[in-house]
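Beneath this line is the structure, given in structure tokens, with notes to follow.
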Amino acid sequence: MTSAELKALLPTLHDQEFAGLGQEALLAYVQIYAALYNMVSTNALDEEYGRREIYARKLDGLFDALCHCYATQTQFAKRAEMLYAMFYIVHGTTIGGDPKREERCFELADSLLNDWMSEDGLPSERLSGNARHQPDAAFHSLLKCLAIYLYPCP
């Protein structure tokens, strides 16, 4: 994508609302807005691509939308993916850690890990193929969450 193509998309991105979007769209927008925020803030490109505050507000809205979506989600794999996206907003951008959001992520990670380790059995949708020998995306998302949970950035 060229700079001109990106600049042409910015008005649409600046007006994007997240209410009613599904999980996949929310996860995609996290990557888009985090990349834009990091690009603008680390390279001082506010004049060219819009103020970093615009992208920070969008990421705030995405965090809230993901929390809402997470609360209604019952599938382990989808919750793990959403939690990783929430951790990414808090730790994967140069916005700086919000203690309340970070604490919320840690609470959800603790709960997710407890669900994974529960003695009630492992729901079949969490593992694919040969159970523990071929972990799926849910397991990978869980591991990414655990890495942040156990080794948080300052």
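Below, all heavy atoms of this structure are taken into account, side chains as well, without hydrogens, waters or symmetry copies.
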Please give me the minimum heavy-atom distance between [X] and [Y], naming the atom from each residue.
X	Y	result
Ala34	Thr93	CB-CG2, 3.7 Å
Cys145	Ala80	SG-O, 3.7 Å
Leu26	Cys69	CD1-CB, 4.2 Å
Glu81	Leu27	O-CD2, 3.7 Å
Ala85	Val30	O-CG1, 4.0 Å

task = Could you list the residues that satisfy ring pair (Phe, Tyr, Trp, His ring centres under 6.0 Å) with His68, not counting sequence neighbours?
result =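 None.
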
So how far is it from [X] [atom1] to [Y] [atom2], rounded to the nearest 0.5 Å?
X	Y	atom1	atom2	result
Asp110	Cys105	CG	SG	12.5 Å
Phe63	Asp98	CZ	CG	7.5 Å
Arg57	Tyr55	CZ	OH	11.0 Å
Leu59	Asp64	CG	CG	11.0 Å
Arg79	Thr72	CZ	OG1	11.0 Å
Ser3	Glu48	OG	CD	6.0 Å

Residues that Leu6 engages under side chain to side chain contact (heavy atoms under 4.5 Å, CB included), provided they are two or more places apart =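 For Leu6, the residues satisfying side chain to side chain contact (heavy atoms under 4.5 Å, CB included) (neighbours in sequence not counted) are Met1, Leu10, Leu36, Met39, Tyr49.
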
query = Listed by chain and number, what are the side chain to side chain contact (heavy atoms under 4.5 Å, CB included) partners of Asp60, not counting sequence neighbours?
reply =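 For Asp60, the residues satisfying side chain to side chain contact (heavy atoms under 4.5 Å, CB included) (neighbours in sequence not counted) are Arg101.
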
task = Could you tell me which residues satisfy salt bridge (charged side-chain N to carboxylate O under 4.0 Å, His left out) with Glu53, sequence neighbours excluded, listed by chain and number?
result =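 Salt bridge (charged side-chain N to carboxylate O under 4.0 Å, His left out) list for Glu53, sorted by chain: Arg51.
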
query = Do Gln75 side-chain atoms and Ala77 backbone N/O form a donor-acceptor pair below 3.5 Å?
reply =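 It does not hold such a pair.
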
ask   = Above 12 or not: heavy atoms from other molecules or residues under 6.0 Å from OH of Tyr29?
value =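 Atom OH in Tyr29 is not crowded, with 12 or fewer foreign heavy atoms closer than 6.0 Å.
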
ask   = Would you find more than 12 non-hydrogen atoms of other residues, nucleotides or ligands less than 6.0 Å from Glu5 atom CD?
value =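 Count over threshold, so yes.
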
key: side chain to side chain donor-acceptor pair (under 3.5 Å) partners of Tyr88, counting only residues at least two apart   =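 Partners of Tyr88 under the side chain to side chain donor-acceptor pair (under 3.5 Å) test: none.
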
request  = Test Glu107 against Arg104 for salt bridge (charged side-chain N to carboxylate O under 4.0 Å, His left out), laying out the working first.
outcome  = CA-CA 5 Å; Glu107 289 169 2; Arg104 181 71 178 135; 3.7 Å; yes

Student check: side-chain heavy atoms of [X] and [Y] closer than 4.5 Å:
X	Y	result
Leu83	Leu66	no
Leu108	Met82	no
Leu112	Phe76	yes
Gln16	Ile32	no

ask   = With sequence neighbours left out, which residue pairs that include part of residues 22-47 fulfil the salt bridge (Lys or Arg N to Asp or Glu O under 4.0 Å) condition?
value =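 Sorted pair list: Asp46-Arg52.
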
inquiry  = Distance to the ring centre below 6.0 angstrom and angle to the axis at most 45 degrees; does that hold for Lys58 and Tyr37?
reply    =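 That pair does not qualify as a cation-pi contact.
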
request  = Could you check whether the rings of Phe87 and Phe106 sit parallel, tilted or perpendicular, using 30° and 60° as the cut-offs?
outcome  =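 Rings of Phe87 and Phe106: tilted, 30 to 60°.
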
